[in-house]
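Position 1 is the first residue of the sequence; numbering continues from there. Only heavy atoms go into these numbers, but all of them, side chains included; no hydrogens, no water, no symmetry mates.
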Amino acid sequence: QVQLLESGGGLVQTGGSLRLSCAASGRTIDILRMAWFRQAPGKEREFVGMMFLVGDIIEYTDDAKGHFTITRDGAYYSLALEMNNLRPEDTAVYYCAGGSSGSARDPYGYWGRGTQVTVSS
């Protein structure tokens, strides 16, 4: 089994920055890619960006480009999400996910519990 633990959420003012972290533990050898998703109140969960762990290939949604940055958070099976110039519409629960296939289109089988990000206007 794989466990994912997010941290770093909180309350920030519009225009501020936050850095989220995700650490994987357990049978991490099963993870080939890690991603960030978010779910705003009353909305469906949406993809933010992801990293293929072999080669550090990163993909973002168009909305996330230039606004969010995904990097490793030190350890191999870790992921960080740097969020800059935050807006109230970025308010959401942010989830870390892990996938055991090499295709970005396959579903993610491992999920963290999420961390709340609230951006005040």
Open item on the list: Can you give me the closest heavy-atom contact between Tyr110 and Ser100, atom names plus distance?
Closed with: CE1-CB, 4.4 Å

Open item on the list: Check this for me: does any side-chain nitrogen of one of Arg33 and Asp56 sit under 4.0 Å from a carboxylate oxygen of the other?
Closed with: no

Task: Atom pair CG (Asp90) and OG1 (Thr118), whose distance is rounded to the nearest 0.5 Å - done: 11.0 Å

TODO: Tell me, with the steps shown, if Val93 and Thr115 meet side chain to side chain contact (heavy atoms under 4.5 Å, CB included).
DONE: CA-CA 5 Å; Val93 178; Thr115 185; over 6 Å; no

Open item on the list: Is it the case that the side chains of Ser21 and Asp73 hold a donor-acceptor pair, with the cut-off being a distance below 3.5 Å and no angle test?
Closed with: yes

TODO: Without swapping roles, check the side chain of Thr28 against the backbone of Ser25 for a donor-acceptor pair under 3.5 Å.
DONE: no

For residues 5-14, run the donor-acceptor check on the side chains, cut-off 3.5 Å, and write out each pair with its distance to 0.1 Å, sequence neighbours left out.
{"unit_1": "Glu6", "atom_1": "OE1", "unit_2": "Arg113", "atom_2": "N", "d": "3.2"}
{"unit_1": "Glu6", "atom_1": "OE1", "unit_2": "Gly114", "atom_2": "N", "d": "2.9"}
{"unit_1": "Glu6", "atom_1": "OE2", "unit_2": "Cys96", "atom_2": "N", "d": "2.8"}
{"unit_1": "Glu6", "atom_1": "OE2", "unit_2": "Gly114", "atom_2": "N", "d": "3.1"}
{"unit_1": "Thr14", "atom_1": "OG1", "unit_2": "Ser120", "atom_2": "O", "d": "2.8"}

- [ ] Indicate if Tyr108 and Leu81 have the same hydrophobic cluster label, given that clusters are the connected sets of ILVMFWY residues with side-chain heavy-atom separations under 4.5 angstrom.
- [x] no

Task: Minimum heavy-atom distance between Gln116 and Ala92, given as atom pair plus value - done: NE2-O, 3.4 Å

- [ ] Starting from the C-alpha separation in whole Å, work towards a yes-or-no answer on ring-ring contact (aromatic ring centres under 6.0 Å, His included) for Trp111 and Phe37.
- [x] CA-CA 10 Å; Trp111 292 88; Phe37 287 75; 4.8 Å; yes

- [ ] Would you indicate whether Arg72, at its atom CZ, is surrounded by more than 12 heavy atoms from other residues, nucleotides or ligands within a distance under 6.0 Å?
- [x] yes

Task: ILVMFWY cluster membership beyond Leu32 - transitive side-chain contacts under 4.5 angstrom - done: none

Open item on the list: For Ala35 versus Met50, what's the shortest heavy-atom pair and its separation?
Closed with: CB-CB, 3.5 Å

TODO: Report the distance from atom CE of Met34 to atom CG of Leu4, rounding to the nearest 0.5 Å.
DONE: 5.5 Å

Task: Separation of Ile58 CD1 from Thr71 OG1 (nearest 0.5 Å) - done: 7.0 Å

Open item on the list: Can you tell me how far apart CG (Asp30) and OG (Ser101) are? Round to the nearest 0.5 Å.
Closed with: 11.5 Å

Task: Exercise: identify the closest heavy-atom pair between Thr91 and Val119 - done: OG1-N, 2.9 Å

Open item on the list: Quick check: is Met51 connected to Val48 through a chain of hydrophobic side chains (ILVMFWY, heavy atoms under 4.5 Å apart)?
Closed with: yes

Open item on the list: Measuring only between side-chain heavy atoms, which start at C-beta, is Arg38 closer than 4.5 Å to Glu46?
Closed with: yes

Open item on the list: Show me the pairs that pass ring pair (Phe, Tyr, Trp, His ring centres under 6.0 Å) and involve residues 48-101, at least two apart or across chains.
Closed with: none

